[in-house]
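Residue numbering restarts at 1 for every chain, and letters A, B, ... go by the order of the sequence lines. All of these numbers come straight from a predicted model, not from anything done at the bench.
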Amino acid sequence: MPELPEVETFRRFTERYALHVPVTDVRVFKPKILENTTELALEQALIGRCLLETRRVGKHLLVRIGSPSEIASSEMKSREMAPPLDLGWLFLHFGMTGFLSYERDGQSVVNAYGNPALPNAHIRVQLALADGGLFNFHEQRMFGKLGLTTDAAAYFQARKLGPDALTVDRETFVAALQKRKGQLKPALMDQSLVAGVGNVYADEALYQCGLHPGRQASGLSAKEVTALHQQVVDVLQRTVAVAADRDQLPAHYMLHQRHPKAVCPSGGHPLSIASFGGRTTYFCPVCQS
DNA sequence: CCACATGTTCATTT
DNA sequence: AAAATGAACATGTG
């Protein structure tokens, strides 16, 4: 599930529940989820500190670690205080099944996106906060990662992420596709071309503008590539707007049909299920060409 | 038992 | 060099 809209929802969730409260404890239940760090290093980096701000590119979420006394940067500028101590960033990647939850006072459990009855299982890392809150990173399938980095820009660069798909401008998007040899679907999913589009929303954007996933990326007309840019951004923005709860997306969205009996929301024809770029791809052979 | 699942990375081939 | 392909990773579901 975690493509760009889900991770953006996690980012907002983190902002809402976990910022500006000192961390009192770090519990790692599955060390394998850690990338180039240890439980001890996380404890040293986090305990007694606060999470202060978040940043997201594509499907990657970074959370800045700072001292509890550090105040908001706008306030700081106006008072011309010393620059904040560089305490680095926590990074999270959600793999195939990752998500966040928060609980407090024993009962209230809030999940990062529409999944009301999630069990308390598969918590891999838990941050205990000074207000009694517990901030949980879940990852059933263990493809996700959590770790520390000192430099946010270097973190994104090392992963060769292209411009974020939620805000990529038309000129950049068009230029990237025009020089791309190969099929549309793999191009959209290439995180170095545009960051954040995964299997489901790639299919949706292609469906919404009537483009076949196997089309040559560089072979689109100006009109087609403009429409594709618009749909990529629109599909992602709409999904962010409903906090990545797919049940709230329009009925004419094709992602509701990802099952063997799938039919086109606009004509009722059976959808084709094929492999592009090594991923299962749903598309309408009538509407998309 | 098998096939398949939203992601990324790596090796191999074209 | 770029792009495609397939495997691997770990775990659960149908």
Side-chain angles (χ1 to χ4, degrees), chain A residues 1-10 29-36 56-61 91-100 111-115 117-125 137-147 155-162 164-165 175-207 213-219 235-236 239-240 243-247 249 253-262 273-283:
Chain A
M1 304 196 183
E3 297 183 31
L4 186 151
E6 288 79 15
V7 180
E8 174 61 16
T9 303
F10 300 152
F29 300 106
K30 274 274 187 175
K32 192 175 196 330
I33 209 80
L34 304 181
E35 182 172 302
N36 295 329
R56 181 192 57 75
V57 174
K59 305 168 192 172
H60 294 259
L61 176 61
F91 68 76
L92 295 88
H93 192 282
F94 296 89
M96 299 265 273
T97 55
F99 65 96
L100 300 174
N111 285 295
Y113 60 101
N115 198 343
L118 282 163
N120 226 19
H122 310 303
I123 297 177
R124 307 311 190 187
V125 179
F137 177 59
H138 304 243
E139 230 296 48
Q140 174 190 101
R141 229 143 90 203
M142 301 297 294
F143 287 0
K145 286 292 168 197
L146 179 151
Y155 173 89
F156 293 129
Q157 267 171 23
R159 281 156 185 80
K160 302 190 185 355
L161 299 178
D164 190 73
L177 276 189
Q178 305 236 303
K179 69 178 178 190
R180 173 81 176 200
K181 307 294 170 203
Q183 298 174 313
L184 266 185
K185 168 89 185 267
L188 283 182
M189 299 213 342
D190 184 338
Q191 302 299 298
S192 70
L193 196 151
V194 164
V197 180
N199 200 30
V200 170
Y201 298 110
D203 282 2
E204 192 63 47
L206 290 170
Y207 173 77
R215 281 280 295 278
Q216 204 70 190
S218 57
V235 164
L236 297 177
T239 309
V240 168
D245 178 357
R246 292 181 192 181
D247 291 346
L249 289 170
Y253 267 31
M254 186 264 277
L255 54 74
H256 303 299
Q257 296 286 328
R258 299 184 78 85
H259 52 76
K261 301 251 175 98
I273 304 174
S275 181
F276 288 88
R279 311 300 299 188
T280 299
T281 301
Y282 289 73
F283 67 99

Test log, rule side chain to side chain contact (heavy atoms under 4.5 Å, CB included), inputs A:Asn199 and A:Lys185: CA-CA 8 Å; A:Asn199 200 30; A:Lys185 168 89 185 267; 2.6 Å; yes
Can you tell me if [X] uses its side chain to pair, donor with acceptor, with the backbone of [Y] under 3.5 Å?
X	Y	answer
A:Arg124	A:Gln140	yes
A:Gln216	A:Gly182	yes
A:Glu35	A:Lys145	no
A:Ser192	A:Lys160	no
A:Arg215	A:Ala217	no
A:Lys59	A:Glu8	no
A:Thr97	A:Gly95	no
A:Glu204	A:Met254	yes

Gap in Å between the two [atom1] atoms, one belonging to [N] and one to [M], rounded:
N	M	atom1	value
B:dC2	C:dA7	P	15 Å
B:dA3	C:dG6	P	15 Å
B:dT6	C:dA3	P	24 Å

In whole angstroms, how far is the [atom2] atom of [N] from the [atom1] atom of [X]?
X	N	atom1	atom2	value
A:Arg159	B:dC10	CZ	P	11 Å
A:Leu193	C:dA1	CG	C1'	16 Å
A:Glu139	B:dA5	CD	P	18 Å
A:Leu34	C:dA10	CG	C1'	16 Å
A:His60	B:dG7	NE2	C1'	9 Å
A:Lys160	B:dG7	NZ	C1'	18 Å
A:Lys179	C:dA3	NZ	P	9 Å
A:Arg279	C:dG6	CZ	C1'	12 Å

A:His60 and A:Tyr155 aromatic ring geometry - parallel, tilted or perpendicular at 30°/60° bounds: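 Rings of A:Tyr155 and A:His60: perpendicular, as their planes differ by over 60°.
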A:Phe94 ring over B:dG7 six-membered base ring, under 5.5 Å and 30°: no
Face-to-face stacking of A:Phe143 with C:dC9, centres under 5.5 angstrom, angle under 30°: yes
Step-by-step side chain to side chain contact (heavy atoms under 4.5 Å, CB included) determination, A:Tyr201 to A:Glu6: CA-CA 11 Å; A:Tyr201 298 110; A:Glu6 288 79 15; 2.8 Å; yes
Sugar-phosphate, base or nothing in reach of A:Lys145, heavy atoms under 4.0 Å: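 The residue A:Lys145 makes no contact with any strand.
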Per-nucleotide pairing state of DNA chain C [Watson-Crick or G-U, under 3.5 Å; [ ] pseudoknot-crossing; | other strand]: .||||||||.||||
OP1 or OP2 of [N] sitting under 4.0 Å from any side-chain N/O of [X]?
X	N	answer
A:Thr280	B:dA5	yes
A:His93	B:dG7	no
A:Lys30	C:dT11	yes
A:Lys59	B:dT8	yes

Residues from residues 181-191 of chain A lying under 4.0 Å of DNA chain C - heavy atoms: A:Lys181, A:Gly182, A:Gln183, A:Pro186
Which nucleotide in C:dG12, B:dT6, C:dC9 has an atom nearest any side-chain atom of A:Lys32: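 When the side chain of A:Lys32 is considered, C:dC9 is the closest of C:dG12, B:dT6, C:dC9.
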Side-chain donor/acceptor contact of A:Arg141 with base of B:dG7 under 3.5 Å: no
Polar pair under 3.5 Å, donor/acceptor by atom type, side chain A:Arg180, base C:dA3: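 Not at all, since no donor on one side and acceptor on the other fall under 3.5 Å apart.
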First encountered from the 5' end of DNA chain C, between A:Met96 and A:Ser275: A:Ser275
